[in-house]
Number of protein chains: 2
Amino acid sequence: MREIQEGRWAEGARFPSDQELTSRLGVSRMTVRQAVSELVNDGFLRRDHGKGTFVTRPRALRRFWTVISFTEEMRSRGLEVQNKLLGVRRVIPPGPIRKALRLGPGERVLQIRRIRAVHGQPIAYNVSNIPLSRCPDLDRCDLEEDSLYLIIQNRYGYRITRGDRAYRAAKPSRAEAALLGVAPGDSVLVVEGATFVDREVPIDYCYEVYRE
Amino acid sequence: MREIQEGRWAEGARFPSDQELTSRLGVSRMTVRQAVSELVNDGFLRRDHGKGTFVTRPRALRRFWTVISFTEEMRSRGLEVQNKLLGVRRVIPPGPIRKALRLGPGERVLQIRRIRAVHGQPIAYNVSNIPLSRCPDLDRCDLEEDSLYLIIQNRYGYRITRGDRAYRAAKPSRAEAALLGVAPGDSVLVVEGATFVDREVPIDYCYEVYRE
DNA sequence: TAGTGGTCTAGACCACAAG
DNA sequence: TTGTGGTCTAGACCACTAA
């Protein structure tokens, strides 16, 4: 009973209710719901409790926020994210990071090390480096609770406009393997790069290791 | 009835059968199946028809290939991709692209323009620039059928090792809006950058516009 | 053959939204 | 109050797998 397909419905149009499909197709309601659920999962329909079922444009497959922010990417997939703070320090960054952030020789950054977990399983190890001159007293915020980029935008009034990322497959260091719960020989995905606000001002240089 | 959670099962271990859960928890089988289906969808369990249900490690949320290759990313989500070839030309690339690809002044690239579609809906506009010196006669391959990066690896023996990408939200050009079927004022995601093989040799400079 | 998952039935009660 | 989706029941038959 899978003959319900997308027949060029207009976006936002009302889709037949469970009851209507049940009687029209002569199948039981559980069967209807299962078929409709597939279309909902594929992003063609949206159910509103008490209101009805509606045709929706298939959700965008990539959006600026979902590629730039780990938290947003996971949420867009309907997964809950836990951030575990490993450490927060004010440090003078190494040369390449200083360069990428366009900082003067003595300027310090806030180095934030975190483990991102989904369903309690560690997924990624993340190090962010944020210039203190651009986000003063960032270490007074609740960095464990919510999206770092949300804080940067809401508390400091920046607008994040661009993200540069380099992707490569690699072997984790011993410490990274231990943090992610993988074998040292396993392959991991390393993502690295700067995030920019407003007029091309770098606000973060992040280094991430994803379990693969 | 959602009290079935992940209780640190070993990977590959057998999960209780529907029947066993039904009698053990005192609920009906449809209820059990719905709860188990959620765990299957979230990647914690795998069902094998006739064999049983097994614990599986949650699938990786980001892998090198799924962030580097559009085709692979869509396939990993269980979606079918269609590539529509708009045009293939041998051209001398503009300065910034020539620089990113580390080409000499007169060297030519194969410019490949494509529309990527999922479920018949256009999702992205993509322009790849591939040095002909590194992939001679690439225009003789079937570029519509399959993954460009698969061809580069299989036919030319390269191993793709790194991808650099810059992400930004933008407004589409009039031509891009028309190709993607969006309004000119809508926001789109622009992705741009080089892909590298082996010893940091750039093999592609791609420019992509995603519907948002 | 016995056990598993895949699908389906014909009901039921509930929570939510709108008139 | 009515109609909607969310959840659940207690069965049933089928296809697949392995002994």
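Numbered from 1 within each chain, the chains take letters A, B, ... in sequence-line order. Values reported hereafter were calculated over all heavy atoms of this structure, with side chains retained and with hydrogens, waters and symmetry mates removed.
A straight line from CG of Leu21(B) to P of dC8(D) spans 14 Å, rounded to a whole angstrom. Rounded to whole Å, atom C1' of dG6(D) lies 13 Å from atom CG of Asp48(A). To the nearest angstrom, P of dT7(C) lies 7 Å from CZ of Arg33(B). Arg46(B) has its CZ atom 16 Å from the C1' atom of dG6(C), to the nearest Å. Computed from coordinates, the Glu38(B) CD to dC8(D) P distance equals 10 Å when rounded to whole Å. Gln34(B) places its CD atom 14 Å from the C1' atom of dC8(C), with the value rounded to the nearest Å. As rounded to whole Å, 15 Å separates atom C1' of dT9(D) from atom CG of Leu25(B). Rounded to a whole Å, the CZ atom of Phe15(A) is 10 Å from the P atom of dG5(D).
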N/O to N/O distances under 3.5 Å, protein versus nucleotides 10-17 of chain C:
residue	atom	partner	partner atom	Å
dA12(C)	N6	Arg29(A)	NH1	3.2
dA15(C)	N3	His49(A)	NE2	2.8

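When all heavy atoms are compared, the tightest approach of Asp137(B) to Leu132(B) is N-CD2, 4.4 Å. In terms of heavy-atom proximity, Arg155(B) sits nearest to Pro136(B) at NH2-O, 4.5 Å.
Under the salt bridge (charged side-chain N to carboxylate O under 4.0 Å, His left out) criterion, the residue pairs touching residues 175-193 of chain A are Arg168(A)-Glu192(A), with sequence neighbours excluded. Annotation: ring-ring contact (aromatic ring centres under 6.0 Å, His included) contacts involving residues 175-212 of chain A, sequence neighbours excluded, comprise Phe70(A)-Tyr210(A).
Between Arg47(A) and the phosphate of dT4(D), there is no side-chain N or O to OP1/OP2 separation shorter than 4.0 Å. Within the 4.0 Å cut-off from OP1 or OP2 of dG3(C), not a single side-chain nitrogen or oxygen of Gln19(B) is found. The phosphate of dT7(C) has neither OP1 nor OP2 within less than 4.0 Å of any side-chain N or O from Thr31(A). Taking side-chain N and O atoms only, Ser17(A) has no distance below 4.0 Å to OP1 or OP2 of dG3(D).
At distances below 3.5 Å, not a single donor-acceptor pair connects side-chain atoms of Tyr149(A) with backbone N or O atoms of Thr71(A).
The local environment of CD in Glu20(B) is crowded, with over 12 non-hydrogen atoms from other residues, nucleotides or ligands closer than 6.0 Å.
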Test side-chain contact (heavy atoms from CB on, under 4.5 Å) on Val81(A) and Glu73(A) and set out the steps. CA-CA 10 Å; Val81(A) 181; Glu73(A) 179 175 357; over 6 Å; no
